[in-house]
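Report on the structure given below.
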Amino acid sequence: MECKIIGVIGAGIMGSGIVQICALAGRDVVMVDVSAAAIDRGINSINATLARSVTKGRLTEEQKAATLAHIKGTTSYADLADCDMVIEAATENEGLKLTILKQIDAVVRPDAIIATNTSSISITKLASAIQHPDRFIGMHFFNPVPVMALVELIRGLQTSDATHDSAKALATTIGKTPISVKNSPGFAVNRILCPMINEAIFVLQEGLASAEDIDEGMKLGCNQPIGPLALADMIGLDTMLSVMETFYAGFNDPKYRPAPLLREMVDSGRLGRKTGQGFYNYS
Ligand code: NAD
């Protein structure tokens with residue numbers, strides 16, 4: 001199915017980015033959040049990002065206006081009735097997402113595709129909330145959405161080929177490069193990335209090298225654009241801990257145990273950039 005009208009749940013960091021790239025690609029987009037204030041924040045963020053593109057000469061004022069005209073912000077799930085696909089990008093909480101998915105399911109056409117941008121929750125589990133789990137899929141975008149090229153497409157146990165192909169076609173037409181992954185904790189990219197970051201924290205904890213030297217080593221020796229400890233600060237150390245705990249519980253394998261220093265940092269309230277202090281100081 002060609003997805004022409006897209007619904008996005010959540011006007012936060014990820015939701016507003018997904019709305020922006022869909023609207024820029026000429027799709028009509030319905031953006032749902034819980035309050036007018038949240039919708040305004042999302043629209044303002046999109047407006048600011050598009051304005052920067054105009055300043056840099058990547059977009060004309062007309063293209064910016066046309067993009068914004070494709071976006072309808074609302075607090076009513078009923079406004080999703082005409083959507084071909086709805087992408088859930090609300091807060092990372094399993095109970096909340098199950099409730100939201102039921103709300104989406106109650107208002108969309110029976111042939112509509114429902115996707116989730118979760119970064120860790122089981123796609124098969126989330127699919128249990130909707131009537132047609134064959135039309136449910138994970139579409140995992142990366143932050144910042146307008147910049148990062150990748151979308152992971154995650155098939156739950158019941159995801160159909162047709163649903164996968166429609167999601168793949170949409171990802172491609174909005175300028176992303178999709179990869180296909182089976183359902184498993186952390187899917188593919190975070191499964192590889194987060195244990196590497198966790199190991200860097202072990203190396204720091206064991207006093208083998210300073211944070212600066214660990215990051216410099218991985219940048220210069222492995223060609224990484226940002227060191228693993230600086231990246232952990234950017235992701236948020238609470239998020240990192242939650243992802244490692246999901247791996248540890250999901251695989252029941254000690255190789256995924258969170259580094260004790262990571263837990264201690266979280267206990268101390270040093271969560272990275274968002275609190276001004278993580279492995280580095282941002283004040
Ligand atoms: P965020 O906190 O910036 O935004 C979440 C939004 O969801 C908020 O605006 C909130 O008001 C809204 N919301 C909460 N309950 C809602 C409801 N019942 N109906 C509609 N909207 C509701 O979070 P985010 O960083 O944008 O993350 C959203 C999702 O994307 C999460 O599942 C997260 O794991 C995933 N994700 C995040 C990143 C990242 O780097 N931040 C990367 C990939 C995936």
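Both counts, for ligands and for their atoms, begin at 1 and track the order of listing. The figures that follow rest on heavy atoms only: side chains count, while hydrogens, waters and symmetry mates do not.
- Using bins of under 30°, 30° to 60° and over 60° for the plane-to-plane angle, the ring pair Phe142/His140 lands in the tilted bin.
- Atom CG of Leu237 and atom NZ of Lys274 lie 8.5 Å apart (nearest 0.5 Å).
- Taking CZ of Arg263 as the start and CE of Met244 as the end, the distance is 10.5 Å to the nearest 0.5 Å.
- Annotation: Phe247 is in aromatic contact with Tyr256 [ring centroid separation under 6.0 Å].
- The shortest distance between side-chain heavy atoms of Ile179 and Leu153 does not fall below 4.5 Å.
- Interatomic distance, Phe141 CZ to Met14 CE, rounded to the nearest 0.5 Å: 8.0 Å.
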With the criterion set at N/O pairs under 3.5 Å, what does the list of contacts between the protein and ligand 1 look like, atom names and distances included?
{"from": "ligand 1", "atom 1": "3 (O)", "to": "Ile13", "atom 2": "N", "distance (Å)": "3.0"}
{"from": "ligand 1", "atom 1": "9 (O)", "to": "Asp33", "atom 2": "OD2", "distance (Å)": "2.6"}
{"from": "ligand 1", "atom 1": "11 (O)", "to": "Asp33", "atom 2": "OD1", "distance (Å)": "2.6"}
{"from": "ligand 1", "atom 1": "11 (O)", "to": "Asp33", "atom 2": "OD2", "distance (Å)": "3.4"}
{"from": "ligand 1", "atom 1": "19 (N)", "to": "Tyr77", "atom 2": "OH", "distance (Å)": "2.7"}
{"from": "ligand 1", "atom 1": "21 (N)", "to": "Asp33", "atom 2": "OD1", "distance (Å)": "3.4"}
{"from": "ligand 1", "atom 1": "26 (O)", "to": "Ile13", "atom 2": "N", "distance (Å)": "3.3"}
{"from": "ligand 1", "atom 1": "26 (O)", "to": "Met14", "atom 2": "N", "distance (Å)": "2.8"}
{"from": "ligand 1", "atom 1": "30 (O)", "to": "Asn117", "atom 2": "ND2", "distance (Å)": "2.9"}
{"from": "ligand 1", "atom 1": "32 (O)", "to": "Ala90", "atom 2": "O", "distance (Å)": "3.3"}
{"from": "ligand 1", "atom 1": "32 (O)", "to": "Glu92", "atom 2": "OE1", "distance (Å)": "2.5"}
{"from": "ligand 1", "atom 1": "32 (O)", "to": "Lys97", "atom 2": "NZ", "distance (Å)": "2.8"}
{"from": "ligand 1", "atom 1": "34 (O)", "to": "Glu92", "atom 2": "OE1", "distance (Å)": "2.8"}
{"from": "ligand 1", "atom 1": "34 (O)", "to": "Ser119", "atom 2": "OG", "distance (Å)": "2.6"}
{"from": "ligand 1", "atom 1": "40 (O)", "to": "Asn143", "atom 2": "ND2", "distance (Å)": "3.1"}

